[in-house]
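Keep in mind that the numbers below use all heavy atoms, side chains included, and drop hydrogens, waters and symmetry copies. Just so it is clear, the model here is predicted, and its values are computed rather than measured.
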Amino acid sequence: MLKTVELSAAGRADKYTGLDTNYVPQLGAKWTPVESFAVRASYSRGFRAPALNQTTPGGAQFFLSNLYDPKRCQTDEETPKPGATEQDCNKSAAGTGGANPDLKPEKSRSYSFGFVLAPASNIGVTVDWYRIRKEGEVILGSAFDALKNEDKNPGNVVRDTNPDNFVTDANGNKIPGTGPLLMVREPWLNQGATETSGIDLDASFRNKLGAYGALTTKLSATYVISYKIAQNAGDIEHNTVGHDPGLWDWNLSNNTRIPRFKFNIASSWSFGDHAVNASVNYVGPISLMRGYNADVKYDQPFCHYGKRQSTDAEANRDTTVPLYEDYFPECEVKSWTTVGLGYTYTGFRNVTLNLNIRNLFDKAAPYYPGAGVNSAATPQSGYLQGLHNNQGRYFTLNARYVF
């Protein structure tokens, strides 16, 4: 049995000025009981010291515009509070970014377990479960995040300290710390933790068609089980997979949207000097529902976009698209399926001609209502840049000559 077991081990030691020596191990094992089947597993730890430009003084200075100040404006982002002006709801201010000498190194742990199946010489299947946890991940803060989390990190926002300029409460009393916005700092920050787990599937099938060439088909799919984020160390972690994290948990500033399921399947048929390939790409939906605010679970999850509601939880609902729920009752960025088609010809000596058509059926990217200045989407685009694009049907024609 030992002859069918493979073990591997590796390690690395890192020492940086001002930081303790860090040891990073990597372990792997593979068991092949029969030639057509194998089981494998791995464990590793990771370490990354902050970059020099993230910790040393000299951060960039810039100009910020179109800022919504939640201390001086109502939750509809348009109406100023008593003592404020409309300018506070669309504010311009100085911005600084860059250095944070207190940054700590990022650390990670990853686990995987899966199998490899090859029942025939032309068929291959791999299935792997994975779990990855990162702690202290270095991220760049934003003005939107700094203003949203001002009570937790007041040092990132600079305001006018003149009491005469503070906003007032219902009784006409001045509220300390609500002066006009002067500057917002966007330093590099250590995020609490990020943890994800899921299943990866890869399969390939190669079939010879005799006089009619050969057909090769490949499938790659990922099913994400969980994606959890802690804004700060010790924060409660909710599963945000399939959701907009900053909406599903209102305490979060992270906008990394992870669909539950996505896949790509591609086939290529080759016949002499000709080859035709086709592909289908699927990206799952993203919910825009609100479910939590840190450790507070809403009695009833609700859509972030739509008409004003009376409950306290929905007081900061986005009403800029009041009819959103009428047209999108599921309150989600819909799934997106696109098809590609290509043709390659190699009949000329030393020449390869290639024609590709992406998004063959000109499928528009799913609508996202939050695309705007303070959004992670492309400003005013109406789609999620990280998951979709606005190219529509796209042709490319290439010719290559080898000397």
Side-chain angles (χ1 to χ4, degrees), residues 66 77 140 142 144-145 196 198 200-201 218-224 227 229 239-249 252-267 277-291 301-307 317-343 354-398:
N66 302 312
E77 302 189 7
L140 180 63
S142 69
F144 177 74
D145 296 336
T196 184
D200 286 333
L201 167 66
K218 294 183 178 181
L219 168 67
S220 296
T222 297
Y223 180 85
V224 182
Y227 182 72
I229 305 167
N239 188 3
T240 65
V241 66
H243 293 268
D244 184 317
L247 300 183
W248 186 240
D249 183 350
L252 298 176
S253 299
N254 188 298
N255 289 316
T256 303
R257 303 165 181 92
I258 306 295
R260 173 78 69 177
F261 182 61
K262 60 181 180 180
F263 75 83
N264 174 271
I265 184 170
S267 290
N277 60 81
S279 63
V280 177
N281 190 70
Y282 171 85
V283 178
I286 296 293
S287 172
L288 303 177
M289 298 289 285
R290 296 265 299 278
F302 61 91
C303 187
H304 179 65
Y305 300 95
K307 298 176 182 177
R317 199 180 198 202
D318 190 322
T319 60
T320 57
V321 190
L323 298 180
Y324 179 74
E325 288 182 288
D326 294 342
Y327 291 91
F328 299 90
E330 301 88 356
C331 188
E332 66 180 19
V333 180
K334 295 184 178 298
S335 63
W336 197 38
T337 303
T338 55
V339 177
L341 185 65
Y343 170 73
N354 184 267
L355 171 66
N356 277 301
I357 307 174
R358 298 180 183 177
N359 198 354
L360 179 65
F361 299 109
D362 200 22
K363 184 75 173 293
Y367 172 64
Y368 173 64
V373 174
N374 289 326
S375 169
T378 303
Q380 309 301 333
S381 66
Y383 71 94
L384 290 175
Q385 185 180 29
L387 297 176
H388 313 128
N389 64 69
N390 63 347
Q391 292 180 339
R393 187 184 294 114
Y394 186 70
F395 297 83
T396 59
L397 178 62
N398 298 311

- Item | side-chain contact (heavy atoms from CB on, under 4.5 Å) partners for Asp362, two or more places apart | Arg393
- Any donor-acceptor N/O pair, Asn277 side chain to Ser267 backbone, under 3.5 Å: no
- Here the gap from Asp200 atom CG to Thr222 atom OG1, rounded to the nearest 0.5 Å, amounts to 4.0 Å
- Message: For a 4.5 angstrom cut-off between non-hydrogen side-chain atoms, does Phe302 reach Cys331?
- Response: no
- Item | For Thr337, side chain to side chain donor-acceptor pair (under 3.5 Å) partners two or more places apart | none
- Query: Can you tell me how far CG of Leu355 sits from CZ of Phe395, rounded to the nearest 0.5 angstrom?
  - Reply: 7.5 Å
- Query: Atom CG of Leu252 and atom CG of Asp244: how far apart are they, to the nearest 0.5 Å?
  - Reply: 9.5 Å
- Message: Using the side-chain contact (heavy atoms from CB on, under 4.5 Å) criterion, which residues pair with Ser220? Sequence neighbours excluded.
- Response: Asp202
- What do you reckon, is CZ of Arg358 surrounded by more than 12 foreign heavy atoms closer than 6.0 Å? no
- Message: Measuring from atom CD1 of Ile265 to atom CG of Leu219, what distance do you get when rounded to the nearest 0.5 angstrom?
- Response: 5.5 Å
- Given side chains that start at C-beta, do those of Leu387 and Tyr368 come closer than 4.5 Å, heavy atoms only? no
- Message: Treating Arg290 as the side-chain partner and Pro301 as the backbone partner, does any N or O pair qualify as donor plus acceptor under 3.5 Å?
- Response: no
- Item | Carboxylate-amine/guanidinium proximity below 4.0 Å for Arg317 and Glu325 | yes
- Message: I'd like to check Pro369 versus Leu288 (side-chain heavy atoms, cut-off strictly below 4.5 Å). Are they in contact?
- Response: yes
- Item | Aromatic ring pairing Phe261/Phe263, orientation class (parallel under 30°, perpendicular over 60°, tilted between) | tilted
- Rounded to the nearest 0.5 Å, how far does OG of Ser335 lie from OH of Tyr282? 4.0 Å
- Any idea which heavy atoms bring Val224 and Pro259 closest together, and the distance? CG2-O, 3.7 Å
- With the side chain counted from C-beta on, respond yes when Lys307 and Leu323 share a heavy-atom pair under 4.5 Å apart, and no when they do not. yes
- Results of side-chain contact (heavy atoms from CB on, under 4.5 Å) for Pro366 - residues two or more places apart only: Val333, Lys334, Trp336, His388
- Task: Find out whether Leu341 and Val339 are in side-chain contact, i.e. whether some heavy atom of one side chain is under 4.5 Å from a heavy atom of the other.
- Result: no
- Note on the structure: Residues at least two apart in sequence or cross-chain that pass side chain to side chain donor-acceptor pair (under 3.5 Å) with Thr338, listed by chain then number, are none
- Message: So Val321 and Phe328, do their side chains get closer than 4.5 Å, heavy atoms only?
- Response: no
- Report, as yes or no, whether the 6.0 Å neighbourhood of atom OH on Tyr343 holds more than 12 heavy atoms from other residues, nucleotides or ligands. yes
- Message: Any non-hydrogen side-chain atom of Ile229 less than 4.5 Å from a side-chain atom of Thr240?
- Response: yes
- Worked verdict on Leu384 versus Arg257 for side-chain contact (heavy atoms from CB on, under 4.5 Å): CA-CA 9 Å; Leu384 290 175; Arg257 303 165 181 92; 3.6 Å; yes
- Item | side chain to side chain donor-acceptor pair (under 3.5 Å) against Asn354, all qualifying residues, sequence neighbours excluded | Thr344, Asn356
